[in-house]
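What follows is one structure encoded as structure tokens, with my remarks underneath.
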Protein chains: 2
Amino acid sequence: MTAHAEHLAVIAQADIFHNLDTPALRSVMAYAVAAHYQEGEFVFYQDDPAERVYVLAEGRLRLLQLTPEGAQINMGLVSPGQAIAVISLLEAQRYPVSAQAIGSALVLSWSRRDLHHLMIGCPQIALNALQELSQRMIEFQDRLRELTTERVERRIARGLLRLARQAGRKTEQGVLIDLPVSRQDLAEMTGTTLFTVSRTLSQWEERGIISAGRERILIRFPHGLVTIAEDLPAPHPPPSEKPSDSQV
Amino acid sequence: MTAHAEHLAVIAQADIFHNLDTPALRSVMAYAVAAHYQEGEFVFYQDDPAERVYVLAEGRLRLLQLTPEGAQINMGLVSPGQAIAVISLLEAQRYPVSAQAIGSALVLSWSRRDLHHLMIGCPQIALNALQELSQRMIEFQDRLRELTTERVERRIARGLLRLARQAGRKTEQGVLIDLPVSRQDLAEMTGTTLFTVSRTLSQWEERGIISAGRERILIRFPHGLVTIAEDLPAPHPPPSEKPSDSQV
DNA sequence: CGTATTTTTGAAGCGATTCAATGGACGTGG
DNA sequence: CCACGTCCATTGAATCGCTTCAAAAATACG
């Protein structure tokens, strides 16, 4: 399905199309293909030939990598405006990850040929893509450092904070992760097991830092998480305002 | 020091300047600055304002990241022709790692302004940079996956194989890592401790897979490493041709 | 209301780290 | 050329953080 005028605003807001003038945006749009995905559907699969570059318009995507042994790890969350599979610009490459829709998602995409052509005509696009990739590179370096040098509890704290930044919604009670996140998901994001995640969250819940349910996490006291993530001395005890039970 | 004509060949071979015509190469050269570094000197330091993009012409660089606690991890090895610090294209960024010379190194560099200007005039440069970054991104994803899912022995095997690919020199005895690599270095590359690396290498040496000395590693039987890295069933026993001792 | 999925919790075990002490290689200067 | 100091590597023993496995509880959903 070719993109329509309604997508122009979306395209204009995408990171890799920043600072383009209207004519440029129009030609970008002319080559765009829009597609809709339902919860759980895959936009592309790891190891398939990489032929298109995608920009998420609405919804969210999860990037997954499967190990040869069948274990799964979470390579990141994609939010609207972000581009993925920039690798497709190279010839004869394969997607290094799979991209799966969380909830329903609207995705625009361009073929290698077309995007290449657009970039030659408008170098700003390539520069924007470079920026986005660089940023993500730094994020990966950070994750790598964390994995090699930090204990699990700290990594989980960081993982939660990252999630909060990308998909947090402020409520009166605190910051709610506005996505279904299972213990398993968190484990895949932080390089541990769902058991350890469960234990850690329970501990935090006792301390009043968070409030967790089935696939649902509410951060009541973000600063508490920060002190864990940064390994600072324990702060003031969190404001103890638990919903119901008060005798502990 | 401004680059001279002698650097033109180097520039033409750099990955990010591939497929440029001679006029373009000349203008790239016009903006280049060349600098020489001695063993151990730093090209730039982590957290310094990122103002230049570098291309390694000769020698090798080590990319290091320092944790807040002072631990160090090795973010990769840079070989001639590779570009680093592409992040400098963004404004107001800081280098996420430090770059240190191994042996003596010749480095060319461009200011943000100049390279930006060159890229606008010649989009191919930006596309090349995108390619290079994408490749490195995949490498990082792999390392991340390895770190979260694989045991130490396997990671060390992979680390050694990577080193062999980047800096291996074939000899009659096997593949020699053509760089001083300490146990500590390997530990920083693979996310473990120098003790565990030492133990692992000793074990491999007993099995005849490698032959290790002080900051020196010779891979006698690369296939043995591959089977460890890929977790294949143990292969034929390695060709047992130890230099001296034969009674074991 | 039954079934499926997610989560919790306990107990056992192990891989890897930590620490300490020793050994060996290298370079330097007497 | 030997003696020395420095740096790197090895090895053992103790410990621990985390995983693994099993079982039960809690929650969602048709």
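A, B, ... follow the sequence lines: proteins, then strands. Residue 1 opens every chain.
Contacts between residues 148-157 of chain A and DNA chain D, counted as heavy-atom distances below 4.0 Å, involve Arg151(A), Val152(A).
Each of Thr193(B) and Ser182(A) lies near DNA chain C, and the nucleotide nearest Ser182(A) is the one positioned closer to the 5' end. Comparing Arg199(B) and Gln184(B) by the nucleotide of DNA chain D that holds the closest heavy atom to each, the one mapping nearer the 5' end is Gln184(B).
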Distances under 3.5 Å between nitrogen or oxygen atoms of protein and nucleotides 26-28 of chain D:
unit_1, atom_1, unit_2, atom_2, d
dT27(D), O2, Arg214(A), NH1, 2.7

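One finds a salt bridge joining Arg136(A) and Glu132(A) here, because a Lys/Arg side-chain nitrogen approaches an Asp/Glu carboxylate oxygen to under 4.0 Å. Note on Glu69(B) versus Arg154(A): salt bridge recorded, some NZ/NE/NH1/NH2 to OD/OE distance being below 4.0 Å. Contact check on Glu146(B) versus Arg151(B) returns no salt bridge, with no Lys/Arg side-chain nitrogen under 4.0 Å from an Asp/Glu carboxylate oxygen.
Between Tyr54(B) and Tyr95(B), the two ring planes are tilted [angle within 30° to 60°]. The aromatic rings of Tyr45(B) and Phe42(B) sit parallel, their planes meeting at an angle under 30°, below the 60° perpendicular limit.
As judged by a 4.0 angstrom heavy-atom cut-off over every strand, Thr196(B) is placed among the base-contacting residues. Residue contacts shown for Ser198(B) include a base, since a base heavy atom lies under 4.0 Å away.
One side chain, Arg60(B) or Ser79(B), offers a donor N or O that lies under 3.5 Å from an acceptor on the other.
Each of Arg207(B), Glu205(B), Glu206(B) was checked for a side chain to side chain contact (heavy atoms under 4.5 Å, CB included) with Ile209(B), and the lone residue meeting it is Arg207(B).
Rounded to whole angstrom, the span from the CD atom of Glu188(B) across to the P atom of dC8(D) amounts to 11 Å.
In 5' to 3' order, the nucleotides of DNA chain C bounding all contacts with chain A (an atom under 4.0 Å from a heavy atom) are dT5(C) to dT18(C).
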Any chance you could lay out the salt bridge (Lys or Arg N to Asp or Glu O under 4.0 Å) test for Glu215(B) and Arg183(B), step after step, and finish with the verdict?
CA-CA 7 Å; Glu215(B) 298 194 317; Arg183(B) 306 296 180 266; over 6 Å; no
